Amino acid sequence: MKGRYSWAQALGWIGLILFLALLPLFLAGWRAPPSRHVMVELGASLGLLGLGLLLVQALTSGRLAWVASSFGADNLTHFHRHLGLIGVCLVLGHPLVLLLAEPAFISYLDPRVDLVRALALWLVLMAIVFIAASSLWRLRFGLSYELWRLLHGLLAVVIIVLGTGHALMVDHYLSSPWQKAVLALMAAAGVGTVAWTRLVRPWLGRRRPWRVVSVSPERGQAWTVRLAADGHAGLQFQPGQFAWFSFGSGPMTLQQHPFSLAGSAVDVEIRFTASEAGDFTSSIKHLEPGTKAWLEGPFGSFVPDHDPTTALLMVAGGIGVTPFVSMLETFRDRGIDRRVILVYANPTLEDATLSEALASLAERPGTELVHVLEDPPDDWSGERGLIDESLLQSCLERLADHDGPIQVMTCGPEPVMDQVESVMRRCGIPWQRIFSERFEIV
Amino acid sequence: MNAMKLVGIALLVAGLVLLFLGYQSSQGWDDQISEAITGEYTDSTMWYWIVGGVSSVIGLVLLTIKR
Ligand SMILES: Cc1cc2nc3c(=O)[nH]c(=O)nc-3n(C[C@H](O)[C@H](O)[C@H](O)COP(=O)(O)OP(=O)(O)OC[C@H]3O[C@@H](n4cnc5c(N)ncnc54)[C@H](O)[C@@H]3O)c2cc1C
C-alpha cells in the first residue's frame with residue numbers, strides 16, 4: 001500500500017489517542033472546584049490520566065482492523081504495551097500520592113468503612129498489577145496464551161468498569177450530569193469494543209463457516225492447511241495479511257490462532273502453513289478434511305507497496321517466509337513483474353519450509369531467492385551463517401540499480417528482525433519503508 | 001476446562017447475590033432519601049450494582065465460552 005505509514009497518519013492517530021486519553025482530565029478540569037493541596041490534585045490527576053489511557057487501550061489492542069491496518073499490527077502491539085504500562089504506573093501512583101498527601105484517604109480502601117467499595121478498589125488495583133505482570137512475564141507465570149488472553153480481556157473490563165465507577169462516584173471534579181455522561185459513554189465504548197472483538201464478532205462469524213480441504217506436510221516440521229468457504233463468497237485479502245483461525249463446532253472458542261495467509265490473494269481457496277511450535281500447531285496434522293473452521297480477518301498492514309516500481313527486499317527467517325510466499329504467488333497470478341530479493345534464513349535446506357514453491361516463484365523475471373544456511377552441506381555454494389550486515393548491504397546495492405524506491409519487509413525470529421531493522425536504519429532507509437511482522441505477540 | 005466453568009458459576013452466583021443486596025439496599029431509608037434529593041442512590045448501593053453486574057457478566061462469559 002502506498003504511503004501506508006506516514007508521519008501525517010501516525011501524528012493523526014497519536015493526536016486522537018492523546019485526546020481521548022486526556023478527556024477524563026479535561027472533563028475534570030472544566031469548572032473545577034477550588035483546588036486543594038497540590039499533592040492531592042496531583043494524585044487525582046494521575047488517576048484520571050491513567051484511567052483515560054487505559055480506556056483507549058481497547059482501541060489499540062490490534063483486533064480492530066481499521067486501526068490495525070493504518071498503524072500496522074506490529075507497531076500497534078508495541079504501542080499498546082507501552083501505553084498500557086504508562087497507564088498502569090499512573091493508576092498505581094494515584095492512591096500512593098493521595099495517601100502520602102492525606103492519609104485519611106485510606107478510608108476508600110478500608111473495608112470497615114464501605115465493604116463493597118473497598119473490595120472493588122482493591123480488585124482494580126490487583127487486576128492492574130496482574131494485567132501488567134502477566135503481559136510482561138506470561139511464560140514465567142506459566143500461563144498459556146489462551147488463558148492469558150481470556151484473563152486480559154476480562155480484567156480489562158473489570159478495570160474499565162470499576163475504575164470509571166470510582167471516578168464517577170468520588171463526585172469531586174466530575175459532578176455535573178454531562179461530565180458524568182461523557183465519561184460513562186467513554187467507558188461504555190471501551191467495554192463495547194472489548195465485547196465486539198471478543199464476543200460479538202466471533203459469534204457473527206458463525207454464519208461464515210469454512211471447511212478444511214486438505215492438510216499436507218511441508219519441510220521444517222510444518223503443515224499446510226487449505227480451506228474452502230462453505231456457502232459464502234470467501235475472503236478478500238491483500239498478500240501479507242493474516243487471519244485468526246479456529247476449528248471445531250463453533251467460533252466461540254479460546255483456541256484461536258493467527259496465521260499469515262500463505263496463498264495467492266487471487267485464489268478462492270485460502271491456505272496457511274504452520275510450523276509445530278506448541279500444542280495447537282502440533283495438532284494441526286490431525287485435522288480431518290471436512291472439519292469446520294472459523295476465520296476472523298484479514299488483519300495487518302504487512303503488505304507490499306502497490307506501486308510496481310518499488311523494489312522489495314524481503315528478509316525471512318524460518319516460518320516467517322509465509323507472507324512472502326503469498327506476495328510472490330499473487331504477483332505471479334496477477335502477472336505483475338516486480339524487482340524482488342527474498343533472503344531466507346534456515347538452519348539447513350531441509351528446514352526451509354515451502355522452498356520448492358519458492359524455487360519456482362524465483363524463476364520469474366526480477367525475482368531473486370537467496371538462501372542463507374546456518375549449517376550448510378559441504379558442497380553448498382550459497383550464503384552461510386546468519387543474516388549479517390554485509391549480506392543485507394549487498395542486497396540493497398543490487399536493488400539500487402533499479403529506479404524507484406525500496407521497501408524492506410522482514411518476518412521471522414526477533415533477532416533477525418531486530419538486525420534487519422537496525423541495519424536498514426543505518427543504511428538510511430526511512431522507517432516508513434521498513435515493515436516488520438512479529439509472530440510472537442506476548 | 002471444568003475449572004473455568006466452576007469459576008464462572010461462582011462469579012455468576014456472587015454477582016447475583018451482590019445485585020440482590022444492591023436491590024435491598026436501594027430500598028433502605030438512606031437510599032430513598034438520597035434518591036429523592038439527588039436522583040441517585042448512595043455509593044454503597046451503586047457499588048453493589050456495579051460489582052454485582054461485572055461479576056455476573058464475567059460469570060456468564062466463562063460459562064458460554066469453549067476452551
Ligand atoms: C500476525 C501473526 C502471523 C502468524 N503467522 C504464522 C504463520 O504463517 N505460520 C506459523 O507457523 N505461525 C504463525 N504465527 C505464529 C502462530 O500463531 C503461533 O505459533 C501459534 O499460535 C502457536 O500456538 P501453539 O499452541 O502451537 O504454541 P504455544 O506453545 O502455545 O505457543 C508458542 C508461542 O506462540 C504464541 N501463541 C500461542 N498461542 C497463540 C494464539 N492463540 N494467538 C497468538 N499467538 C499465540 C505465543 O507467543 C507463544 O509463546 C503468526 C503469529 C502472528 C501474531
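These numbers come from a predicted model, not from an experiment. Throughout, protein chains are lettered first and strands after them, A, B, ... in sequence-line order, and every chain is numbered starting at 1.
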For this session: Test side-chain contact (heavy atoms from CB on, under 4.5 Å) on A:W203 and B:T64 and set out the steps.
Result: CA-CA 11 Å; A:W203 188 72; B:T64 43; over 6 Å; no
Exercise. Could you give the distance from CE (B:M4) to CG (A:L150), rounded to the nearest 0.5 Å?
Worked result: 6.0 Å
Problem set entry | Positions in residues 160-169 of chain A that reach chain B, provided some heavy atom is under 4.5 Å away | A:V161, A:L162, A:G165, A:H166, A:M169
For this session: Indicate yes or no: at least one non-hydrogen side-chain atom of A:L115 is less than 4.5 angstrom from one of B:Y48.
Result: no
Seminar exercise, completed: Only residue of A:L123, A:L154, A:V158 satisfying side-chain contact (heavy atoms from CB on, under 4.5 Å) with B:V54 is A:V158
Seminar exercise, completed: Quick note, salt bridge (charged side-chain N to carboxylate O under 4.0 Å, His left out) partners involving residues 140-166 of chain A, not counting sequence neighbours, are none
Problem set entry | Side chain / backbone / both / neither for B:V57 at chain A, heavy atoms under 4.5 Å | neither
Problem set entry | ring-ring contact (aromatic ring centres under 6.0 Å, His included) involving A:F141 - partner list, sequence neighbours excluded | A:F130
Seminar exercise, completed: Honestly, the part of A:S249 sitting under 4.5 Å from a heavy atom of chain B is both
For this session: With a 4.5 angstrom heavy-atom cut-off, could you sort out which part of A:L155 is near chain B: side chain, backbone, both or neither?
Result: neither
For this session: Determine which pairs satisfy side chain to side chain donor-acceptor pair (under 3.5 Å) with at least one residue from residues 109-120 of chain A, sequence neighbours left out, and list them in order.
Result: A:D110-A:R112, A:D114-B:S44
Problem set entry | chain A contact via B:L62 - which portion, at a heavy-atom distance below 4.5 Å | side chain
